[in-house]
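Structure first, then comments.
Each chain gets a letter, A, B and so on, in the order the sequences are listed, and its residues count up from 1.
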Amino acid sequence: MAWRMTTDGASKTMSETHRYDAALAADIEARWQDYWERHGTYETPNPTGDLADDSGRAARPKKFIMDMFPYPSGAGLHVGHPLGYIATDVYARFQRMSGHNVLHTLGFDAFGLPAEQYAVQTGTHPRVSTEANIRTYRTQLRRLGLGYDTRRSFATIDPDYYRWTQWIFLRVFNAWYDEEAGLARPIDELVELFASGERPTPDGRAWAELSPAERADVLSAHRLAYAADAPVNWCPGLGTVLANEEVTAEGRSERGNFPVFKARLRQWNMRITAYADRLIDDLDTVDWPEAIKIQQRNWIGRSHGARVDFPVADDASVTVFTTRQDTLFGATYLVLAPEHPLVEEVVPAAWPEGTPGEWTGGHATPAEAVAAYRKQAAAKSDVERQAEAKEKTGVFTGVHATNPVNGERIPVFIADYVLLGYGTGAIMAVPAHDSRDFAFARAFGLPMRCVVEPTDGRGTDPATWDGSFTSGEAHLINSSAPGVSLDGLGVAEAKERINAWLGERGAGEGTVTYRLRDWLFSRQRYWGEPFPIVYDEDGVAHALPDTMLPLELPEVDDYSPRTFDPEDADTQPETPLSRNHDWVHVELDLGDGPRKYRRETNTMPNWAGSCWYQLRYLDPFNDRALVDPEIERYWMGPREGMSTGGVDLYVGGAEHAVLHLLYARFWQKVLFDLGHVSSAEPYHKLFNQGMIQAYVYRDSRGFPVPAAEVEEVGDGWVHRGEPVRRELGKIGKSLKNVVSPDEVFASYGADTLRLYEMAMGPLDVSRPWETRAVVGQFRLLQRLWRNVLDETTGEVSVVDDAPDDATLRAMHKAIHGVAQDLEQLRFNTAIAKITELNNHVTKIDRVPRAAAETLVRLIAPLAPHIAEELWSRLGHEGSVVHTSFPVADPAYVTDETVTCVVQVKGKVRARLDVAPDISDTELEELALAAPGVVEALGGAAIRKVIVRAPKLVNVVPG
RNA sequence: GCCGGGUUGGUGGAACCGGUAUACACGGAGGUCUCAAACACCUCUGCCCGUGAGGGCAUGCGGGUUCGAAUCCCGCACCCGGCACCA
């Protein structure tokens, strides 16, 4: 080993040259990053306002290119984080060089739980730790050479920013959804409708007769942001409610692993359900991956069906929701959710005559049975419910209902396979044609009736079936009663017929139901946007006037919510802000003189800031409006013939497929309805980048060992002499496989890292990081460097000779292909084409200047630092960022001759060099004369010849 | 269970409309340069048979359509995401 160290020393002196090594890359990169900053290279003009300039660039076609902004964690970046940022940066640079005015910047999503938890543990104010994290991120992102308009960057925790988050909340609060017009309108217009009597109040009294509190209640039922009792995930151990995504499948908190209980609490909600149809329908206007659109559609869960009323007792009825109203004749019992409120009202004192024993659960009276079943259902965790999903449980209520279509008396059950929160919380059970009803009917010995004729030959007696018949591609049978018959109809026609019949009879109607619930919008946390809401002494909520914004977070001593015994479900949340008496209790003049108020002490969820940030990038310093309308229209205005425009390209992880993207679309639509923005959609084109994974090495006990210490031995891997096994996983501390960008900067530089991440594979698939493969992209840059200058003297070595024909063709083919690939975000193949051209140029002794300059400009979006350096050494003034991307000359994009493949029966038997414009007949002649073809045919007759000039001929012998 | 996406050399991947399968890169082998090594450069590198020319077989598996299939259709296996008693 000793000799190796001395030779290392020797190679040090050797490297005192102009070789492109890590040290030189670092020097070049630092110099150009400083240059860009000094010259505001990436600053983008607006057409008007304080960011307008006289560069003329605002007159060009525009591109707004955006990343999902990061939540800056204390750990800093690893090599997996910047994949999407590099991709948008490359794309933005390409668009800039292609003549666009490009808006590209990055802000920070900075409210949220990690900073607050850190504050609770250390006493550091979340603002202090968050801002330190943001500084670290900014330094690391700058080191990558990402070209942002830094003037437009902000964090969601800046009061100048969340002032407008609060402003939007107030617009939502002060709006209602006009179902007839199909859009949101200011709440004042609803008040006018009530006041004029054009719209009746719920109880029919005149608006003027209602007390202020009564009016507030009426309006609250219409506002798009409203406080209401709702079942939430209450976690006493953490002292806070949790979003669904913060609760594990085991029904415990993701952080701390405490039990989570369902509790009804008064919380703020947003009426996103009013937009369910538009959120589905407008997906047709955006350019998003189909998989994401499907996920959003499924989440919203629109299903078309019918409500049907089943009379019970004398004056009561159960309304069920069904999507198979065509099978109404097959309904043989009803099931209500255990918690259904109607149950108490109608349960009789005693079991009806002849009630089977298995229906009663062994209880003496229906009331007892219902109470016992409810208790048992409530105690079940979600996991138990899931595990038992196959075994249906339930109990008879002692009540019978009447099937409206045939007058049959059918029993009513409660069972936990029916959910209160969906539809009407009640179903009509058609065991012959629904798998769950089938299982339940089998368990309780309930009758089944086949009303849709099976198409699979199983016959029409459900007693002989293994499961229900659910196909909708079949015809109705056994479905006739006086006044209505569905027999012989297809399922679709039967649905229409029964809807009409129900409507005429007043027994129901066709209707639409959604899976989507309103959005729970409040959290018991410190580190979030305060609600700009105060309550008067009657508990009526009032909006603060815009002039009182921003309502800043108060300083507090204790950031943590009050926590409780984790198992004690009978506790109530106490928010951190509520302990701040002087902040909570205020005297304000809201227009009717100074009065005492109590502030709302919940804060907004951390989705709030990310719902609208694209708009603030446009006009970040505007203190009179969220965004200037002219500027907003310039960057995000609708596309031709559509009501939607939006960000031209939005890149981020697929984990936000539903929540963030749905919430942001919802806010955009409210702002659109109220006239604040011109596009009904925020993000026109969405692209999901894949994840960079890394190898995880586990020892014999299954624990991860530090990946950096593992050595490859033969076919296996070894850590400290012990064999370990290898798998792929996320990059992270817990898996001990973190690779920091700093390591790559130190060995190769930022341009190499950028190239490597873009070359690994298509942007939308996940791929494994392999440190040893990074060197390939480094070699590309070294060769490029040597093609332009002499690495011993540092002198530019290109010559002014015109490139030869082969080089010209290689150049223009590369230009053509690279431009196409970059436009389509196919960076890996773009790099392959640049590499091919570079390899071609490497073989030329005297490199023509035109070839070198083409290479430099082709690679400039991908490796901007070395491109700048070479561009300037080639004698150009100014930055390569604002030069134009090369344009391919069609005359050189095709080869002078192409290789034509001649197949016999689909197998290649000869290759011919032919002119690209050769005629079919000429080519066929040549092909049939080719020696390989003659031999393969062996004199056999020719049945057919397929000619696809100039690339292919296929000869089919007879 | 349902819905999406995937499976191509030792490895990451390419083949865009059904028309030369394996571009580009990593790794590997050999060579040139060097006292030597590193770097760099050059050649080879899907598998099998063959000294060779050449031939055969290969895109997860089994069928099909077609003059021709990695690509389209049917069935199956495995992997990765998402949803999950949604009536």
Side-chain angles (χ1 to χ4, degrees), chain A residues 3-4 6-8 10-11 14-15 19 21 249 289-295 297-299 301 303 305 320-324 335 382 385-386 388-390 392 415-419 421-430 434-437 439-440 513-516 654-655 657-658 690-691 712 715 728 755-756 759-762 764-777 779-780 782-783 786 791 817 820-821 824 826 828-836 838-839 842-843 898-908 911 943-946 948 951-957:
Chain A
W3 55 268
R4 193 163 279 194
T6 53
T7 52
D8 273 352
S11 72
M14 287 288 290
S15 74
R19 185 179 186 74
D21 58 15
E290 200 51 39
I292 302 289
K293 290 188 181 184
I294 289 168
Q295 279 189 56
R297 287 194 197 104
N298 290 347
W299 186 267
S303 52
V320 305
F321 174 73
T322 177
T323 55
R324 291 299 301 274
V335 187
D382 288 350
R385 231 175 228 237
Q386 268 176 45
E388 294 166 11
K390 278 153 263 155
K392 294 284 177 287
D416 64 4
Y417 83 92
V418 174
L419 310 173
Y422 182 78
T424 59
I427 63 156
M428 64 177 206
V430 186
D434 180 280
S435 62
R436 298 149 300 185
D437 298 343
F440 189 85
T513 289
Y514 305 88
R515 202 187 82 105
L516 183 69
E655 67 272 20
V658 173
M691 215 189 316
E712 191 168 357
D715 295 346
L728 268 182
L755 275 176
Y756 175 66
M760 288 166 83
D764 56 352
V765 300
S766 296
R767 63 312 278 283
W769 176 270
E770 259 201 287
T771 297
R772 73 174 181 185
V774 177
V775 70
Q777 301 308 320
R779 287 179 192 147
L780 165 64
Q782 284 186 319
R783 275 198 292 272
R786 270 200 307 274
E791 66 180 16
Q820 252 181 17
D821 286 347
Q824 294 167 50
R826 293 147 54 118
N828 53 331
T829 50
I831 291 169
K833 283 164 189 152
I834 292 172
T835 308
E836 273 180 287
N838 195 46
N839 289 347
T842 303
K843 293 189 175 85
V898 297
T899 305
C900 176
V901 175
V902 187
Q903 300 174 332
V904 176
K905 261 184 96 182
K907 290 203 187 296
V908 181
R911 291 189 167 84
R943 179 150 62 98
K944 198 170 169 188
V945 181
I946 291 121
R948 294 280 179 277
K951 302 276 283 182
L952 179 125
V953 178
N954 191 8
V955 183
V956 189

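- Ring-plane geometry between A:F321 and A:Y422 is classed as perpendicular, the angle between the planes exceeding 60 degrees on a 0 to 90 degree scale with a lower cut at 30.
- With distances taken from any side-chain atom of A:T899 to the nucleotides B:U20, B:A23, B:C42, the minimum falls on B:U20.
- Each of B:A87, B:A25, B:C67 was ranked by its minimum atom distance to the side chain of A:F321; first place goes to B:A87.
- The CE atom of A:M691 sits 15 Å away from the C1' atom of B:C79 (whole-angstrom rounding).
- With rounding to whole Å, A:R779 atom CZ is found 12 Å from B:C41 atom C1'.
- At whole-Å resolution of the value, CZ in A:R772 and C1' in B:G12 are 11 Å apart.
- The residue among A:A773 and A:R515 whose nearest nucleotide of RNA chain B is located toward the 5' end is A:A773.
- Taking only distance into account, the side chain of A:R767 never meets the base of B:G12 through a donor-acceptor pair shorter than 3.5 Å.
- Distance, A:N828 CG to B:G13 P: 9 Å, rounded to whole Å.
- Note: OH (A:Y756) to P (B:G27) measures 11 Å, nearest angstrom.
- Between the CD1 atom of A:I834 and the P atom of B:A25 there is a distance of 13 Å, given to the nearest Å.
- Nucleotide B:A25 holds its P atom 10 Å from the CG atom of A:N838, rounded to whole Å.
- Remark: of the listed residues A:V904, A:V901, A:V945, A:V945 is the sole one forming a side-chain contact (heavy atoms from CB on, under 4.5 Å) with A:V953.
- Shortest non-hydrogen contact noted between A:K392 and A:A439 is CG-CB, 3.9 Å.
- With hydrogens and angles ignored, the 3.5 Å screen pairs no side-chain donor or acceptor of A:R948 with any backbone N or O of A:I946.
- Checked by atom type and distance alone, the side chain of A:N954 pairs as donor or acceptor with a backbone atom of A:G906 at under 3.5 Å.
- As rounded to whole Å, 12 Å separates atom C1' of B:C41 from atom CZ of A:R19.
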Dot-bracket pairing map - RNA chain B, Watson-Crick plus G-U, both contacts under 3.5 Å, | cross-strand: (((((((..(((......[....)))((((((.......))))))((((....))))..(((((..]....))))))))))))....
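- A salt bridge links A:D821 and A:K833; the closest N-O separation between the charged side-chain nitrogens and carboxylate oxygens is under 4.0 Å.
- Position along RNA chain B of the nearest nucleotide to A:D434 versus A:K833 favours A:K833 as the more 5'-ward residue.
- For A:T771, the side-chain hydrogen bond (donor to acceptor under 3.5 Å, both in side chains) criterion is met by A:W769, not counting sequence neighbours.
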